[in-house]
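Okay, so here's the structure we're looking at.
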Amino acid sequence: MTDQTETHTHPGQEAAGPSHRYDAQMADAIETRWQSVWAEQGTYRVPNPGEPGFDASKPKFYCLDMFPYPSGAGLHVGHPEGYTATDIICRYKRAKGFNVLHPMGWDAFGLPAEQYAIQTGVHPAVTTRKAIDNFRRQLQRFGFCYDWSREFATIDEDYYRWTQWIWLRIYHSWYDRRQDKARPIEVLISMLESGEARVTSSGDIAQQGEESHDHAQPWDRIDTERRKSIIDNARLAYLAEQTVNWCPKLGTVLANEEVIDGRSERGGHPVLRWPLKQWMFRITSYADRLLRGLDDVDWPHSTKTMQREWIGRSEGAYIDFPAGRRRIRVFTTRPDTVFGATYMVLAPEHPLVDELMPEKYGDTVPRSWVAQGFDGAAELRDSTVSPMGVIGAYRAYVAGRSDLERTTDDKVKSGVFTGAYAINPVNDERIPIFIADYVLMGYGTGAIMAVPGQDQRDWDFAETFGLPILRTVQPTEGFDGKAFTGEGHAINSGFLDGLEVEPAKTKIIAWLQEHKHGKRAITYKLRDWLFSRQRYWGEPFPVVHCEGETHHGVGFDALPVVLPELDDYTPIEGAEPRSMLDNAPEWVTTSAGDAHVEGLPAGAPVRRETNTMPGWAGSCWYYLRYCAPGCSSRFVDKAAEEYWMGEGGVDLYIGGAEHAVLHLLYARFWHMVLHDLGEVSSSEPFRKLFHQGLILSHAFQRKDKSLVPMDEVEERGEGTYIETATGEPVAQIIAKMSKSLKNVVNPDDIIEEFGADTFRLYEMYMGPLEASAPWNTRDTIGLYRFLQRAWRLVIDEEAGTLTLRDAPDDGTEKLLHRTIAKVGEDIEQLSFNTAIAAMIEFVNAASKAGGLSSDQLDRFARVLAPFAPHLAEELWSRLGHPPSIVDAPWPAFDDAMLTDDEVELPVQILGKVRAKITVPADADQKAVESLALQNERIAALLEGKTVRKVIIVPGRLVNIVAN
RNA sequence: GCCGGAGUGGCGGAAUUGGCAGACGCGACGGAUUCAAAAUCCGUUUCCCGCAAGGGAGUGAGGGUUCGAGUCCCUCCUCCGGCACCA
């Protein structure tokens, strides 16, 4: 890229040379001309069922790109990589007789737009619209075959009205565990009224057939306020006090998926834990379905694995350990090891800790138990501080540590003794209860039974604290490790002794259930989805609050709840969480009548919810809106949705792997709820998913691994670079494109220099679509030359006229058939780099053979069209066809043309090629063998040797084993 | 640490899935054309030995299976991505 600036003479911009050469000006003229013809003729407009021009006899193909977030920086070269791939597929599918839906739009709400607005002082609505216009212009310049009549942005009132509508539908739903699906909340209410579902003393809802230890309370004896709270707690969108990820710098809370190593995914700012009342989605109800659904979709293995791990299903058991008057419930995947539970650990925040700890430690408590593994632990061991003091000190220590410190720093496990004991229900042993931060409140029950003999973490803790270790699984012969986590038979385990792990689990679970000490259980790592943000630039929640704690959904006919104009949306750094929309008091204050709230007097004053939805909201259902973006009566027209989303949803979805557990999990959740409510036809939204690789760039690295911006480096001869300021050598490495490294390539520049067709070909030729590769502007010339040669093959560069031969050349004809077959196959497999290589070979060979006939060009143009649509359209038109080539069918090929009459076979001796023989394609093995052995060179080399064996692979090779 | 994925010329990458390693493109070198350059065209281009014919080595390292391994198996190294005390 350093040499880019030196290239004053762009190959295409030179005026010299023949006047009808395919150069940058001509590429520009051809491309812009056909783009306007396509726009005028509506070439890429795709009718829906029932509309004029719709052909119901064709199969459908819905091909989706991840819609871009229109940033002020404009299109990155990474965007058109995936977009070109889908463009090729769509053009090919259309030529193969499919009705192809290929839409584009804008993911326009979100944090970056708001931050950009804060920086520039211009309202995000203004900057975002401008960015959208720029993105659209850039995408259109690539000649992508999007049906632009379906374009929309998530910030359009007409769109986010339905985002709010879907949110309300989820709000008005609950999860019916017996039917394993979401149902309207009214169904739950009538079930409660009829007694089909009951409220337990703990406030949970037990459906008929579900066991409950509690006594149910009759619904009609519960007061109205409590009834509402019970109903509200059952909703799939619910308000809950949560310890949230609060990012003071961004001025908002974040979802778990948006926090990486204690920092915000966007910006890398510190994230704190903060208790806050927030809107949540009960995505955990869908954990199992989100998991099972992955089995039926054609997605990259790695992405499925990531989602599976994120959902994190574990099978095991709950076991209740009596402790004083209470019972401590633990979750374990190894109930078979319960006889080896020599102590228990609760998470530091566990609510039972305060109830259990005694006023002072017993006299027999070893001092080593009191505290270990943190600053001040030694002093606590030597003091006479009460359990309460010790626990308080430990909790303070834990609270001051980030997740990152907690998981990376610890060499020794930290924790303190609560002074309390529990009883192991299987053997009535009295075991001490500790608190330690290696046990997480957010997983399982926040409490564990510690089995040091079979768990390395427990082993480490037991060693540090001097706790007993008991093996309950016989380690394999010669095992010299610490905790044994492998297979083996039970020992020291009473009635389980002798059983292997699996049967022991089965037996102990049966025993626990029989004696009411526990039961089979499944837990998930997946947490409910935190959906509130305190930012301005997002969809307002269609909810109002009245006196006290109660909230009400806005009436469906009062949508959209329009985002108010706001002048100041700068986050107040360091302050506690506060919503930006609190700055719009006139908007916040409204009446029940105004918000069409049912069940309240019209004049009742209510306050609007001032949190907004996160950036993910709009992308959770945009693929549905594309089916019928103009539909005003519904979020998507039913018939259009059934047609385009039928047979498993979107047929091909291409986008980056960075959304593996964010957008791709969230969208599946929304889709499943909508499916349950009868609003969409498929159970999964995206049948086939594919991730394109990253387009990387070069960067320079100092000896200390720090990076140097591109413009501060000079090249000193082949492959050696120095930093201009210091004269120190720097190493060229491959890195992501970034503004700070000044190694970003702007697509506009490349198009100006070579044209869009060259750009498209280059990106597809860089390597396999799924692989990441560094951008090399230098290499683009190869694809430009290919187009020039293709042009020169049939156009006289002096006269500018089509020059075709009358009689086709046999070799060229044969190769054309092979090229058609190869390119078609490769497109189906998304192997565009090899398809392009095949076309280059064809053009090179045809040039040598003396050109193409009219009929051959006709077919070749159609093969080229998906890749270089503008040049192909130009050639098509010069052949006398009216536009557009996209309506021309994919050319046929003849199988007979794919095989040769004669083949050249390598003849190997002991695996080394020593000669080549030419044999008829249908020659039998004996004939091939004798031809090989008769070959002069082979015969000479075999002189004095014994032929042991002759291996003949028909059509491939001959290998002679001789010694 | 665990789970994925990948290591092939100077570079990007091919290789019909166990059958001629390096297709195609870039770059480089040589030649033609040109006053000259650009562009274009022709040729060479994995490395080593050799004037050549030819020979030898070679797909991250080592071992194995096989007539035959870039491809399959085992051990190890490096890079990229994900997860990370999940009981």
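Residue numbers begin at 1 in each chain, while the letters A, B, ... track the order of the sequences.
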- Test ring pair (Phe, Tyr, Trp, His ring centres under 6.0 Å) applied to A/Phe786 - qualifying residues, sequence neighbours left out: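 Ring pair (Phe, Tyr, Trp, His ring centres under 6.0 Å) list for A/Phe786, sorted by chain: empty.
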Base, sugar-phosphate or nothing for [X]? Non-hydrogen atoms, less than 4.0 Å.
{"X": "A/Thr445", "answer": "nothing"}
{"X": "A/Arg937", "answer": "sugar-phosphate"}
{"X": "A/Val451", "answer": "nothing"}
{"X": "A/Val953", "answer": "base"}
{"X": "A/Arg914", "answer": "sugar-phosphate"}
{"X": "A/Leu440", "answer": "base"}
{"X": "A/Asn844", "answer": "sugar-phosphate"}

- Going by modelled atom types, is there a donor-acceptor pair between the base of B/rC67 and the side chain of A/Asn959 at under 3.5 Å? yes
[X]: partners by side-chain contact (heavy atoms from CB on, under 4.5 Å), with sequence neighbours left out:
{"X": "A/Leu470", "answer": "A/Thr342, A/Thr472, A/Asn492"}
{"X": "A/Ala27", "answer": "A/Tyr22, A/Glu31"}
{"X": "A/Ala462", "answer": "A/Tyr343, A/Pro452, A/Leu467, A/Ile469"}

- Which nucleotide, in any strand shown, forms a Watson-Crick or G-U wobble pair with B/rU65, with both distances under 3.5 Å? none
Between [X] ([atom1]) and [N] ([atom2]), how many Å, whole number?
{"X": "A/Leu787", "N": "B/rG25", "atom1": "CG", "atom2": "P", "result": "13 Å"}
{"X": "A/Leu910", "N": "B/rA69", "atom1": "CG", "atom2": "P", "result": "11 Å"}
{"X": "A/Lys822", "N": "B/rA14", "atom1": "NZ", "atom2": "P", "result": "10 Å"}

List the atom pairs, donor and acceptor, that lie under 3.5 Å between side-chain atoms in residues 762-771 of chain A and the rest of the protein, sequence neighbours left out.
from     : atom 1 : to       : atom 2 : distance (Å)
A/Tyr762 : OH     : A/Asn776 : N      : 2.9
A/Tyr762 : OH     : A/Asn776 : O      : 3.4
A/Glu763 : OE1    : A/Glu81  : N      : 2.9

Detail all sub-3.5 Å separations between protein N/O atoms and N/O atoms belonging to nucleotides 41-48 of chain B.
from   : atom 1 : to       : atom 2 : distance (Å)
B/rC41 : OP1    : A/Arg792 : NH2    : 3.0

